[in-house]
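The block underneath contains the structure these notes are about, expressed in structure tokens.
First the proteins, then the strands, lettered A, B, ... as listed; each starts at 1. For clarity, every value in this text was computed on a predicted model and none was experimentally measured.
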Number of protein chains: 2
Amino acid sequence: MQAALELVAYEANFSAISLRRVARQAGVVPTAFYRHFEDMDALGLSLVEDTFIELRGLLRGADLSALPIKGLTRYAVELFAYHVRDRRLLFQFLVKERFSGSRPIREAIHGHITQIVIELARDFAHFDEFSRIEETDLQIIAELVVNTIVSLSERILDVAPDNAEDAALMLRAEKQLRLIFMGAGRWESRASSRAARAG
Amino acid sequence: MQAALELVAYEANFSAISLRRVARQAGVVPTAFYRHFEDMDALGLSLVEDTFIELRGLLRGADLSALPIKGLTRYAVELFAYHVRDRRLLFQFLVKERFSGSRPIREAIHGHITQIVIELARDFAHFDEFSRIEETDLQIIAELVVNTIVSLSERILDVAPDNAEDAALMLRAEKQLRLIFMGAGRWESRASSRAARAG
DNA sequence: CATACGTGTGAACATGTGTACACTTTAGCC
DNA sequence: GGCTAAAGTGTACACATGTTCACACGTATG
């Protein structure tokens with residue numbers, strides 16, 4: 001798995017690297033590959049699962065409900081940015097395969113992200129500031145937040161490691177999140193539903 | 001180019017299809033490929049350029065400044081969704097290659113999107129509602145808007161063509177954009193800069 | 001000690017790949 | 001009608017790929 005990650009970081013993406021190259025990178029003969037995975041797709045799926053198991057642990061560990069919304073955005077951005085840099089190769093793999101991987105891999109990634117959105121929306125429901133907002137609208141807001149964080153990850157992975165530009169990217173993301181929360185503070189679920197029905 | 005698009009829609013991504021398969025799909029012998037492109041990368045870059053030339057035309061043609069912000073979001077979402085569906089294969093290619101393509105292709109796409117963000121921020125500056133906001137903050141907001149639209153495109157391309165789910169996706173994106181604009185309406189550039197300096 | 005199992009090996013195969021080269025065909029223009 | 005340039009063809013080569021099969025080594029457990 002480590003060998004595959006290294007190759008993906010170097011090459012364009014996962015489908016561009018061959019079973020034989022993974023084996024070579026791992027210092028092993030091609031046929032030995034089959035002792036561990038049925039095929040390349042199985043390897044890719046294992047990488048996806050690993051990434052999200054760890055990410056889920058991170059999100060569970062960060063008890064955001066303890067903080068006020070103000071400090072929350074900065075803390076969340078820093079936590080996430082640190083983790084992405086720490087697991088650079090894993091997230092590089094994820095970002096590349098999210099849309100260009102094989103169908104099973106794409107679906108696995110999409111499913112996990114959807115799950116994160118749902119859980120984030122559930123967390124939002126505990127904040128007094130959002131008590132007015134309907135559940136479906138909370139999910140829409142959560143999706144916006146997740147999109148923003150994902151976009152930050154993509155940008156961080158684009159620049160070289162330990163680049164000074166990282167700080168600017170994080171500030172951007174932080175502002176975007178603050179703006180989203182300002183919008184959410186004024187959001188009226190009933191008004192928006194009415195507008196939607198009026199079509 | 002059409003042959004390549006068809007194959008990319010069917011396969012995982014661009015780097016997974018070979019020069020020989022493109023030629024076969026085009027009903028032509030492999031060596032004939034070289035009469036049109038130096039290599040596969042050149043083909044990919046041509047596809048990127050084509051997509052953005054057309055997209056730029058669409059954005060230029062849509063004179064958004066004529067509308068009030070309220071109707072603007074719905075109109076923009078519908079216009080964009082229609083165009084993405086209309087050029088499905090091109091945008092499928094774009095979404096897949098944005099992060100997983102070869103370096104030149106990735107950079108070309110990224111450059112074009114950055115350009116669109118800059119121009120959108122410039123358009124924002126003409127609205128009275130945003131006159132308070134600094135230019136750098138306008139770009140951050142424009143980026144948020146573009147991210148949301150890109151995300152909508154990705155979702156539309158994920159579901160089958162002419163799927164009823166499209167309408168729900170568009171409504172989501174419309175709400176997200178309205179929320180962003182509500183946040184922007186309360187945005188205070190000086191306050192945010194001060195907070196940033198305070199660190 | 002033996003035996004079962006996880007892991008790694010080497011040779012072999014049919015098939016796909018990018019590209020070079022010399023050639024033929026096609027289409028447009030004076 | 002003949003010339004030119006663009007587009008397409010066929011052959012050839014050296015190489016990479018996924019997968020198969022029978023075999024070898026290590027270790028831990030009965």
Could you tell me how far apart [X] ([atom1]) and [N] ([atom2]) are, to the nearest whole angstrom?
X      : N       : atom1 : atom2 : answer
Q25(B) : dT17(C) : CD    : C1'   : 18 Å
R24(A) : dT9(C)  : CZ    : P     : 14 Å
F33(A) : dG6(C)  : CZ    : P     : 18 Å

Pairing of [X] and [Y] as salt bridge, 4.0 angstrom limit:
X       : Y       : answer
R106(B) : E97(B)  : no
R85(A)  : D166(A) : yes
E119(B) : R56(B)  : yes
R172(A) : E143(B) : yes
R21(A)  : E11(A)  : yes

- Message: Under a plain distance cut-off of 3.5 Å, with no hydrogens placed, do D137(B) and S189(B) share a side-chain donor-acceptor pair?
- Response: yes
- When the C1' atoms of the five terminal pairs at each end define the local axes, what inter-axis angle does the helix from dC1(C)-dG30(D) to dC30(C)-dG1(D) show, to 10 degrees? 20°
- Query: Would I180(B) and F124(B) show up in the same hydrophobic cluster when neighbours are defined by side-chain heavy atoms closer than 4.5 Å?
  - Reply: yes
- Message: Within the 4.5 Å heavy-atom criterion, are F99(B) and E154(A) side-chain neighbours or not?
- Response: yes
- Message: For a quick check, with a 4.0 angstrom heavy-atom cut-off, what is the B/S/- contact string for nucleotides 18-25 of chain D, read 5' to 3'?
- Response: BBBB----
- Is there a side-chain polar atom (N or O) of H36(B) under 4.0 Å from OP1 or OP2 of dG8(D)? yes
